[in-house]
Amino acid sequence: MASDLNPPQREAVLHGGGPLVVFAGAGSGKTRVITHRVADLALRRHVAPWRILAVTFTNKAAGEMRERLARLAPGVGERAWIGTFHAVCARILRIHAERVGVRSSFTIYDDQDQRAMIKRVLRELRLDEKQHRPKEIAQFLGEAKQKMQRAEDLPSSGYREGIQVRIFEAYEAAMARAGALDFGDLIYRLVLALEKDERLRAELAGRFEHLLVDEFQDTNHAQLRLVRALGSVHRNICVVGDDDQSIYRWRGADRRNILDFQRDFPDAHVVKLEQNYRSTQRILRAAYAVIHNNIDREPKQLWTENDEGAPPLVVQVRDEWDEARVLLELVQQSREDGLDLEQIVVFYRTHAQSRVFEEALRGAGVGYRIIGGQRFYDRAEVKDLLAYLRVLDNPNDDISLLRVLNVPARGIGKTTEARLLEAASRRGISVYEALREVGPEDGVKGKARERVRAFGKLLDELSAAHEQGLALGELGTRVLERSGYRLSLEQQDSPEAEARLENLLELVGSMQSFELANGALPLDAEDEEAEDLVGQEPLVDATGEASLSAYLERVSLETQADEAPEGERITLMTIHAAKGLEFDTVLVTGMEEELFPMARPGFADPSEIEEERRLAYVAFTRARRRLIISHARERRLFGRHRYSVPSRFLSELPPDDVSFIGWQPSASGLARPRRRGFGHDDPFGPDTDDDSFADEFARASAMPSPPPGSAHDDAWLDASDGCDVDDAPRPGMQVRHRKFGVGQVRGVEPGSPPKVRVRFPGRGEKVLLATFLEPA
DNA sequence: CTTAGTAGGATTGAG
DNA sequence: TCCTACTAAG
């Protein structure tokens with residue numbers, strides 16, 4: 001098994017006990033090392049699988065690990081503890097709720113819920129929202145928890161600090177009352193308990209014999225403390241990561257965690273994986289030439305046995321429209337060469353840059369998919385339905401209740417809401433209970449009181465249905481029906497409302513499949529030893545039924561609604577979303593000062609520039625065969641038009657390994673412009689005024705040789721979530737709609753997704769979202 | 001209570 | 001420029 005590993009990989013896999021840090025460069029087979037190591041520990045060293053804990057950051061990474069492990073060592077992946085920091089902590093917290101001092105039935109609040117709670121606390125404390133921005137408070141609370149600060153550790157000297165402490169305490173109290181934990185709490189609360197309660201620590205640290213942490217460069221301080229505490233008995237801690245790929249400092253990631261691992265654990269063994277299996281030599285040289293300029297990094301250099309490859313291409317264009325035409329040119333050329341469009345990706349620094357690409361692609365009828373942006377579980381309607389369910393699961397969850405108090409509109413206004421809330425806090429009861437008890441003495445009388453009571457009855461009725469064991473999917477449907485949500489959407493009769501309804505039906509569908517997947521699962525008798533300590537399958541409650549709580553937990557910790565890809569589409573995403581992925585062709589756009597690196601000139605903190613440089617490094621190292629970089633002379637961003645200077649990172653590229661079109665860095669690093677570019681009469685017209693530019697581009701960007709065969713070790717999992725446009729509809733085109741049948745497109749209104757006016761025989765014209773249409 | 005209008009703000013975003 | 005989130009009028 002270890003035979004198909006290279007020497008450092010094998011070294012990491014076979015390392016026995018004690019701390020181990022693996023610096024795993026881009027495309028060096030990192031996941032492979034972790035999975036092989038888990039398999040080796042279980043099979044060769046006979047470590048009980050459930051005594052192995054492997055932690056990742058994303059559900060996707062955890063899923064991938066489990067999947068690969070299933071192939072490598074059947075039975076191990078199912079029993080080992082593999083999950084995200086948050087999921088693992090939530091699981092442990094529920095099991096040891098009493099010891100930790102949380103309710104075992106806690107609800108997990110996402111950022112939006114957290115903000116609602118903050119607003120409520122501010123109102124309670126009679127603080128002005130303008131002066132104390134909920135956004136900033138959320139930031140402050142999150143940071144404090146990341147740093148493992150308790151209320152008494154916070155600075156309280158100044159006026160501002162004093163208020164912060166008060167807010168912190170009030171927030172914690174309100175969360176406790178609601179039986180809720182925010183994302184930060186999941187780690188914070190567990191670490192607090194582990195560090196305070198020696199018996200708990202001994203128990204948990206004793207049970208996990210081996211710890212593996214993926215993407216260790218992305219851990220924050222609280223996560224480091226968690227790893228330390230859980231590893232405190234055996235010290236079998238294996239951390240894997242790459243400081244050069246640390247791009248999340250703004251959300252608390254601390255590269256020092258991996259860089260100083262040896263200081264933390266002086267006996268730590270160090271392994272560096274530097275052989276790359278992904279990219280061509282030229283791409284790696286270009287990437288290295290850039291990252292090498294970072295002072296603060298662990299020295300290492302990727303090398304490969306792959307081809308030399310074609311030189312990366314840097315193209316100067318006039319503006320963002322021109323940049324989009326470069327993309328179209330590239331797509332067209334790839335099509336002519338019979339290349340797979342799925343293997344083309346466009347990277348940008350900010351989401352705002354995607355619009356122009358979308359419009360161009362839509363105009364040219366090229367399918368595309370956007371990763372990121374608004375996520376399924378963040379959509380208002382999805383959150384509404386989930387809020388109903390959360391109230392049924394936890395009647396103390398005031399925030400969720402308030403969310404749906406007047407959704408759909410049932411005549412309960414702001415005034416009533418405020419009075420209800422006040423009545424609840426005055427009597428020290430939940431808002432749910434207050435629904436029943438409020439009366440004229442609280443200022444809720446007449447119609448308002450009736451409506452409030454009716455809402456309480458509605459919840460009671462749904463609650464009863466839930467307690468009688470109504471199946472999950474049924475319960476979802478029941479909520480939609482009885483609350484009048486469905487009716488209200490149907491009555492709106494707009495394409496947006498239809499889209500919302502579709503989303504809700506999808507959610508109900510997911511509840512049904514959750515039930516199917518988890519409902520009938522028997523408890524695993526073999527692992528009883530594991531059971532008594534932490535439980536094996538959190539998705540199933542004592543009766544073996546898929547419970548509402550289990551579903552809600554899954555949903556709160558799950559962010560990507562995976563969707564099977566359909567049709568050939570290119571991919572668009574921010575670079576941040578790209579980590580861990582790879583593509584044959586990568587187009588990195590907007591490489592201009594102030595955009596990428598995104599820092600104001602003159603104010604640039606060197607460490608910020610280094611982080612941006614890592615971002616560029618991540619972008620470049622996603623490419624297997626073809627890397628194209630574009631920068632515009634001028635562009636409109638955030639409504640402001642500006643002239644741009646090529647990114648300093650372009651001047652760091654090795655001139656001998658890179659081709660330049662339209663501009664190339666001079667020896668001094670200053671721009672030497674050549675005025676070249678596409679014509680501009682019609683942004684996406686079929687012909688360009690400057691054929692030579694197109695020719696030059698075509699020559700320079702051509703794929704040097706057919707890409708290697710299909711099987712890629714790190715094939716990426718699809719994670720699209722619905723901002724997709726299949727084949728772009730154009731007037732005259734025949735399209736099919738699920739309900740209305742086949743019709744003809746009369747007009748298209750740009751948007752994401754675009755709205756399409758379709759004439760259906762016998763039904764007249766309808767305006768529909770492109771998402772719900774397919775070519776007929 | 002809903003709707004329209006506008007002020008303000010805008011990186012990057014896992015769980 | 002465009003979107004969100006709150007405020008004033010219907």
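Convention: sequence-line order gives letters A, B, ...; per-chain numbering from 1.
- Every residue two or more places apart in sequence or in another chain that forms a ring-ring contact (aromatic ring centres under 6.0 Å, His included) with A/F57 is listed here: A/F85.
- Contacts classified as side chain to side chain donor-acceptor pair (under 3.5 Å) and involving residues 115-128 of chain A (residues at least two apart or in different chains) are given here: A/R120-A/D398.
- Residues that satisfy the side chain to side chain donor-acceptor pair (under 3.5 Å) test with A/E215, not counting sequence neighbours, are A/K30, A/Q217.
- Nucleotides C/dT4 and B/dG13 are separated by 15 Å at their P atoms, to the nearest Å.
- With A/F106 as the aromatic partner, A/R103 does not meet the cation-pi criteria of under 6.0 angstrom to the ring centre and within 45 degrees of the ring axis.
- Remark: A/R249 pairs with A/S607, A/E608, A/E611 by the side-chain contact (heavy atoms from CB on, under 4.5 Å) rule, at least two apart or across chains.
- If you check every strand for non-hydrogen atoms under 4.0 Å, A/I108 touches nothing.
- Using C1' as the reference atom, B/dT11 and C/dC6 are 24 Å apart when rounded to the nearest Å.
- At the heavy-atom level, A/K119 lies under 4.0 Å from the strands shown only through sugar-phosphate atoms.
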When the side chains of residues 182-193 of chain A are checked against the rest of the protein, which donor-acceptor pairs come out under 3.5 Å, sequence neighbours left out?
| residue | atom | partner | partner atom | Å |
| --- | --- | --- | --- | --- |
| A/D182 | OD1 | A/G184 | N | 3.0 |
| A/D182 | OD1 | A/D185 | N | 2.7 |
| A/D182 | OD2 | A/Q114 | NE2 | 3.3 |
| A/D182 | OD2 | A/K145 | NZ | 3.0 |
| A/D182 | OD2 | A/Y171 | OH | 2.8 |
| A/D185 | OD1 | A/K145 | NZ | 2.7 |
| A/D185 | OD2 | A/K145 | NZ | 3.4 |
| A/D185 | OD2 | A/D182 | N | 3.0 |
| A/Y188 | OH | A/Q149 | O | 2.8 |
| A/R189 | NH2 | A/G101 | O | 3.4 |

Atom pairs and distances, donor-acceptor, side-chain atoms in residues 134-143 of chain A, under 3.5 Å, two or more places apart:
| residue | atom | partner | partner atom | Å |
| --- | --- | --- | --- | --- |
| A/Q139 | NE2 | A/E143 | OE2 | 2.9 |

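- Close approach of DNA chain C to chain A, defined as any atom under 4.0 Å from a non-hydrogen atom of the protein, starts and stops at C/dT1 to C/dC6.
- For A/R642, the side-chain contact (heavy atoms from CB on, under 4.5 Å) partners two or more places apart in sequence, or in a different chain, are A/E594, A/L637.
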I'd like a table of atom pairs between the protein and nucleotides 7-13 of chain B - only N or O on both sides, under 3.5 Å - with the distance next to each one.
| residue | atom | partner | partner atom | Å |
| --- | --- | --- | --- | --- |
| B/dA10 | OP1 | A/K135 | NZ | 3.3 |
| B/dT12 | OP1 | A/H351 | N | 3.0 |
| B/dT12 | O4' | A/R349 | NH2 | 3.4 |
| B/dT12 | O2 | A/W250 | NE1 | 3.3 |
| B/dT12 | O2 | A/R349 | NH2 | 2.4 |
| B/dT12 | O2 | A/H576 | NE2 | 3.3 |
| B/dG13 | OP1 | A/T574 | OG1 | 2.5 |
| B/dG13 | OP2 | A/H351 | NE2 | 2.5 |

